[in-house]
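Chain A is the first sequence line, chain B the second, and so forth, proteins listed ahead of strands; every chain is numbered from 1.
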2 protein chains.
Amino acid sequence: MSTYTQCSKEDLRAVKDALDVLNGRWKLQILIALLNGKRRFKEIARDIDGISDRMLSKELKELESNHLVTRVVIDAFPPVVEYTTTSHAKSLHKVIHALKEWGYYHRKEIIG
Amino acid sequence: MSTYTQCSKEDLRAVKDALDVLNGRWKLQILIALLNGKRRFKEIARDIDGISDRMLSKELKELESNHLVTRVVIDAFPPVVEYTTTSHAKSLHKVIHALKEWGYYHRKEIIG
DNA sequence: CTGGATCCTCAGGGATACTG
DNA sequence: CAGTATCCCTGAGGATCCAG
C-alpha cells in the first residue's frame, strides 16, 4: 500500500460529497448520539451540548433526507418521536473512528 | 469487532477537536492538494476550484498554526514560497481515506 | 414533548484593488 | 508571484415565542 494519500479528481469529489452531507457543527454529533443509542428528540437535545431545538430539528430533517436517520412517530399523548440511524449511517463508523483517533493524536501534537 | 460506534465524552471531544481543526470548506482540500505534492501558492490556488487568494492565504496560516503545513520562503525574485505538509498532516490519510470511501458509498446510496 | 415560525447576529467567505 | 486591505453579503446558527 502506498504511503501517499493520492486523490484523483473523482476521489476529491467523493471527499467533498462526504463533507457536504456532514457539514456544520451538529450532524456528526447527532449521528454519534444516535449511534450511541439515543432516540427521542429531547434525549438527543440533552445529549448534545449547546444545540438549540431549532437546529436539531433542521439537522434531523437533512439527515433524514440523506437517508442517514429514520423518523418514527408513535401516535400518543404526549407525542413520542423516535429517531434511529439507518444502516447507511452505521457505515460512518470508520469515518468517526478515524476522526476520533486523529483528534487524540492532534491534541498530543499541539499540546504535548 | 463491535458493530457499534460507541463514543465516550472524551471520544466525542476528540472528534470535535478534529472537526474544529479541519473546519470550513477548504482546509481538507488544501491538505489533499499538498499531500499530492503541490507546493507553491499559485499551484495550490489553481488546484482548488473556486478558492480565492484571500481564503487560501488565511487557511494556510491556520493550518500552519496547527502544525499541519510548513511555509518556506525562498529569497528570490520573483518570490517563491513553498508549502509542504508536516508529518502530522500525513497522519490524516486515514481520515481522508475514510471520507473518500464513505463519499462513494453515500453517492451509491442516494442516487443508485 | 415535538417541533414550527420569526427575528436577529455574526463569522465565513466572495470581489476587487493594491503592494513588495 | 505571493500575498494584504477593504468592502460587502449570504447563510449558519442562536433566542424566543407559539402550536398540536
Side-chain angles (χ1 to χ4, degrees), chain A residues 12 15-34 36-66 68-85, chain B residues 12 15-34 36-66 68-85:
Chain A
L12 182 56
V15 172
K16 284 200 277 191
D17 283 351
L19 291 177
D20 225 45
V21 175
L22 307 173
N23 66 9
R25 5 207 285 248
W26 302 121
K27 296 212 179 60
L28 265 177
Q29 287 189 68
I30 293 171
L31 288 169
I32 290 173
L34 285 173
N36 271 342
K38 296 298 181 190
R39 290 170 301 184
R40 296 183 60 175
F41 191 87
K42 254 327 187 214
E43 286 176 333
I44 305 170
R46 269 189 293 266
D47 222 47
I48 300 178
D49 198 40
I51 195 170
S52 64
D53 286 354
R54 186 174 105 73
M55 285 311 294
L56 180 53
S57 172
K58 210 190 77 184
E59 301 289 70
L60 281 168
K61 272 185 192 164
E62 290 184 33
L63 291 172
E64 202 187 346
S65 80
N66 276 316
L68 290 167
V69 159
T70 306
R71 182 175 184 271
V72 177
V73 180
I74 298 171
D75 196 358
F77 192 86
V80 175
V81 181
E82 301 212 324
Y83 292 92
T84 56
T85 52
Chain B
L12 182 57
V15 172
K16 284 199 277 191
D17 282 351
L19 292 177
D20 224 46
V21 175
L22 306 174
N23 66 7
R25 0 207 290 248
W26 302 121
K27 295 212 179 61
L28 265 177
Q29 287 189 69
I30 292 171
L31 288 169
I32 290 174
L34 285 174
N36 274 341
K38 295 298 182 189
R39 288 170 301 184
R40 298 181 59 173
F41 189 89
K42 256 327 188 215
E43 286 176 333
I44 306 171
R46 270 190 292 265
D47 223 45
I48 299 177
D49 197 40
I51 196 169
S52 63
D53 285 355
R54 185 171 106 73
M55 285 311 294
L56 180 53
S57 171
K58 209 191 76 182
E59 301 289 70
L60 281 169
K61 274 184 191 165
E62 290 185 32
L63 291 172
E64 202 187 348
S65 80
N66 276 316
L68 290 167
V69 159
T70 306
R71 183 175 182 271
V72 178
V73 179
I74 298 172
D75 197 359
F77 192 86
V80 175
V81 180
E82 301 210 325
Y83 291 93
T84 56
T85 52

Going through the checks in order, is the side-chain contact (heavy atoms from CB on, under 4.5 Å) test met by A:L63 and A:L34? CA-CA 12 Å; A:L63 291 172; A:L34 285 173; 5.7 Å; no
In B/S/- notation (B base, S sugar-phosphate only, - none; protein heavy atoms under 4.0 Å), nucleotides 6-20 of chain D written 5' to 3' is B------BBB----B
Please determine if a side-chain N or O atom of B:S57 lies less than 4.0 Å away from the OP1 or OP2 oxygen of D:dT4. yes
Between B:Y83 and D:dG3, is there a side-chain N or O to OP1/OP2 distance below 4.0 Å? yes
Can you tell me how far P of D:dA2 sits from CD of B:E82, to the nearest Å? 9 Å
Quick one: side chain to side chain contact (heavy atoms under 4.5 Å, CB included) partners of B:N66, sequence neighbours excluded? A:H106, A:I110, B:V21, B:L68
Tell me the side-chain hydrogen bond (donor to acceptor under 3.5 Å, both in side chains) pairs involving residues 22-32 of chain B, sequence neighbours left out? B:N23-B:K27, B:K27-B:E59, B:K27-B:E62
Would you list the atom pairs, donor with acceptor, under 3.5 Å between side chains in residues 41-54 of chain B and any protein atom, with sequence neighbours excluded?
| from | atom 1 | to | atom 2 | distance (Å) |
| --- | --- | --- | --- | --- |
| B:K42 | NZ | B:D53 | OD2 | 3.4 |
| B:E43 | OE1 | B:R39 | N | 3.4 |
| B:E43 | OE1 | B:R40 | N | 2.9 |
| B:S52 | OG | B:M55 | N | 3.2 |

Nearest whole Å is fine: how far is D:dA2 C1' from B:L56 CG? 10 Å
So which of residues 38-49 of chain A are in contact with DNA chain D, with a heavy-atom cut-off of under 4.0 Å? none
If we fit an axis to the first five pairs and another to the last five of the helix from C:dC1-D:dG20 to C:dG20-D:dC1, what angle do they make, to the nearest 10°? 40°
Under a criterion of less than 4.0 angstrom to any heavy atom of chain B, what are the 5'-terminal and 3'-terminal contacting nucleotides of DNA chain C? C:dG13 to C:dG20
For residues 70-79 of chain B, please give each side-chain donor-acceptor pair under 3.5 Å, one per line with the distance, not counting sequence neighbours.
| from | atom 1 | to | atom 2 | distance (Å) |
| --- | --- | --- | --- | --- |
| B:R71 | NE | B:Y83 | OH | 3.2 |

Quick one, B:L22 and A:L19 - any side-chain contact, counting heavy atoms below 4.5 Å? no
